Number of protein chains: 2
Amino acid sequence: METVGRMAGVSQVTVSRALSDPSKVSPATLKRIQEAIAVTGFVPNALAGALASRKSKLISALVPSITNIVYSAMVKAFSDRMRGHGYQILLSETGFDPHEEERLISTHLSRRPDAIMLTGIHHTAQARKMLLGTGLPVVELWDITDTPIDLCVGFSHIGAGRGVAEFAIGAGYRTAGTVSAGDERALRRKDAFAAEFLKAAGSPVDEVNFEGPASLARGREGLRLLLEEKGFERGVIFCSSDLLAHGVLIEAAARGLRVPDQIAVVGFGDQDFAQHVAPSLTTVRVDRASLGMAAADAILARFEGGETPAVTDLGFEIIRRGSA
Amino acid sequence: METVGRMAGVSQVTVSRALSDPSKVSPATLKRIQEAIAVTGFVPNALAGALASRKSKLISALVPSITNIVYSAMVKAFSDRMRGHGYQILLSETGFDPHEEERLISTHLSRRPDAIMLTGIHHTAQARKMLLGTGLPVVELWDITDTPIDLCVGFSHIGAGRGVAEFAIGAGYRTAGTVSAGDERALRRKDAFAAEFLKAAGSPVDEVNFEGPASLARGREGLRLLLEEKGFERGVIFCSSDLLAHGVLIEAAARGLRVPDQIAVVGFGDQDFAQHVAPSLTTVRVDRASLGMAAADAILARFEGGETPAVTDLGFEIIRRGSA
DNA sequence: TTGTATGCGTTATCAG
DNA sequence: CTGATAACGCATACAA
């Protein structure tokens, strides 16, 4: 800025002003400054700016996985909205591990973000403490709780599991199984489904649970295990993701099982392919884009200083198609 | 650090040393410093550190889309590798738009990253100029060229299109069509395929091109257009992504067309589902994880100062399955 | 409308 | 092994 200023015949501060608020500088000098910037190829140092102003214009975001469409779609909506307001996103992957999340929170905090977005409501005690200590806006996404760290935007996973059970009972199914993979939230949905189904239909639910990420292969394997190991013969299968559900459909087709007559399938997520597979997939729709935008809006509202509801429940919707 | 130092009975500088290189501080004072840090919950300010040291430990990464598995898988591999060496990734989405990319390069540069990763080899002249001006390591991923800005890791899209044509000819197909969506690279593959196929088989290739992102729906629509508008009756269809190819398979099944006898399908990407759909999908495999890691390694090598090959061609592989 | 002085929280350099 | 001092490049408060 010093150099640019000299070229334009003004001081460093005036250059700073021209960049942050052009209206505070006379049109004539503004023009000279802009020319000097163009000539020198000057790019302001946001590091120094953030240090001096104590505002980094950086938002830190932590998600379990960036290759999983569920989270990447949320992050996309979140970061698009934030970018529109001049913020950049520092994104990292926790791999579903709270301790890794804790480590990442610490390194992210060292960059002095203006706010933090976390996935889910389960964090280590130390993580909560660090976050609370900073006094920064924090939004927990993709789940809801009565005791958020600060803000919270999501839906009830227990409600979703229960809702699918009610749907299944209503549709006439009296036996059920589950195929689940991955995170704690999927397990909560599954448990809620199993409890509700048992209560209403009186029959216990056969479960197959995988460690780690969902995949088509695991969906196929899930149905195989249900049939060959668990003695499952017919009924509805609630999968923790559409991907697993698709795998179950493929395996069912390979075995010549009729869907939904013998095997009915309910997925989770309503991904693009859900309506195109054969038979089309009955699933739980969650509006990932709205979730991401609502999280961004919550943070922006906090920046504005106005009143912000601590918890935003965006709910879910059961989409009935051909598979159940 | 001042506060922590006072608690530990040392100066601020010693705290800085304890953090950056513990071996430069006596074990006794190191211990006292660590205790003080634990008590105060001190988190170092990386902004100030970066400003003073001129090293941000930040790598900027620009991809067309973060929700597209092709790019997110590369970024994941890239950032995992980088994180292992203490670097964080500042990620943004260009939406396949070179001008948006140019704007983003500018804002990213203001954060003073230690290196930059870009997708593809097509950038605005202004963008090249800015990048060259910084003297930072720059790696262009997912394509190759003889004239990289700095480093370049990828494969030949023209080679891939040509390779698929050779494969198709070798497999006995004499008529062909294409269904493409999205970016300039997909079009280059398509063009190379069409040119090579025409040369070898003597028959022109019917093309359907979509603006914007690929989807199952567009794959289905693509086959419909090929059949109903282009007069395509039988032969092989080269799709610019597995997603489109899957859509073509679904539409073919819906129309009762036999695959691969009437309609043969070749995808691109070898995504997870490719081997599980029915019939399983013949496709072009690109090792996204290796690409991401190689890009990271290229940057790390440049940091080390050693000799680094400017261009790394990781190639591709045609995976023959049931659909062609 | 513009300029001066000062501080943001580190690291680098040089002494001791 | 430790400390004092000077940058790093900008924004803020205050003055002119």
Side-chain angles (χ1 to χ4, degrees), chain A residues 1-34 36-37 40-58 86 88 106-114 133-136, chain B residues 1-34 36-37 40-58 86 88 106-114 133-136:
Chain A
M1 283 190 173
E2 196 70 53
T3 312
V4 170
R6 262 199 302 275
M7 284 189 61
V10 293
S11 76
Q12 171 261 321
V13 223
T14 307
V15 178
S16 172
R17 286 202 191 91
L19 254 26
S20 58
D21 186 358
S23 74
K24 303 186 80 175
V25 163
S26 81
T29 67
L30 178 59
K31 182 153 170 273
R32 293 205 310 279
I33 290 175
Q34 286 172 334
I37 288 178
T40 56
F42 168 75
V43 177
N45 186 326
L47 256 31
L51 185 61
S53 68
R54 300 158 160 289
K55 290 194 199 84
S56 64
K57 285 284 176 177
L58 205 60
Q88 275 181 82
S106 178
T107 59
H108 274 226
L109 247 26
S110 75
R111 304 260 177 209
R112 298 295 186 267
D114 291 338
T134 66
L136 289 176
Chain B
M1 283 189 174
E2 195 71 53
T3 313
V4 170
R6 260 200 303 274
M7 284 189 60
V10 293
S11 76
Q12 172 264 324
V13 214
T14 306
V15 178
S16 172
R17 284 202 191 89
L19 254 25
S20 59
D21 185 358
S23 73
K24 303 185 81 176
V25 163
S26 82
T29 67
L30 177 59
K31 183 154 169 272
R32 292 204 311 279
I33 290 175
Q34 287 171 333
I37 288 178
T40 56
F42 168 75
V43 177
N45 186 326
L47 255 30
L51 184 62
S53 68
R54 299 160 157 288
K55 288 191 199 90
S56 64
K57 286 283 177 178
L58 204 60
Q88 275 181 82
S106 178
T107 58
H108 274 226
L109 247 26
S110 75
R111 305 261 177 208
R112 297 297 186 267
D114 291 339
T134 66
L136 289 176

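Any value given below was found using the heavy atoms of this structure, including those in side chains, with hydrogens, waters and symmetry copies removed. This is a predicted model, so every value here is computed, not measured. The chains referred to below are lettered A, B, ... by the order of the sequence lines, with proteins before strands, and numbering in each begins at 1.
In this structure, D21(A) atom CG and dT2(C) atom C1' are separated by 14 Å, rounded to whole Å. Atom pair R6(B):CZ and dG3(D):C1' shows a separation of 16 Å (rounding to whole Å applied).
Here S11(B) does not reach the OP1 or OP2 of dT2(D): none of its side-chain N or O atoms lies under 4.0 Å away.
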Revision key, fill the gap. Per-nucleotide protein contact along nucleotides 7-16 of chain D, 5' to 3', at a 4.0 Å heavy-atom cut-off (B base, S sugar-phosphate only, - neither), is -BBBBBB---

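Side-chain atoms of T40(A) come within 3.5 Å of backbone atoms of A36(A) as a donor-acceptor pair (strictly under, hydrogens ignored).
Nearest heavy atom pair, residue R111(A) against residue L47(B), reads O-CD1, 3.6 Å. Taking both residues in full, the closest heavy atoms of D114(B) and S56(B) are given as OD1-N, 3.1 Å, listed atom of the first, atom of the second, then distance. When every heavy atom of A18(A) is checked against every heavy atom of V25(A), the shortest pair comes out as N-CG2, 3.8 Å.
Contacts of T134(B) classified as side-chain contact (heavy atoms from CB on, under 4.5 Å), with partners at least two apart in sequence or in another chain: L109(B), L136(B).
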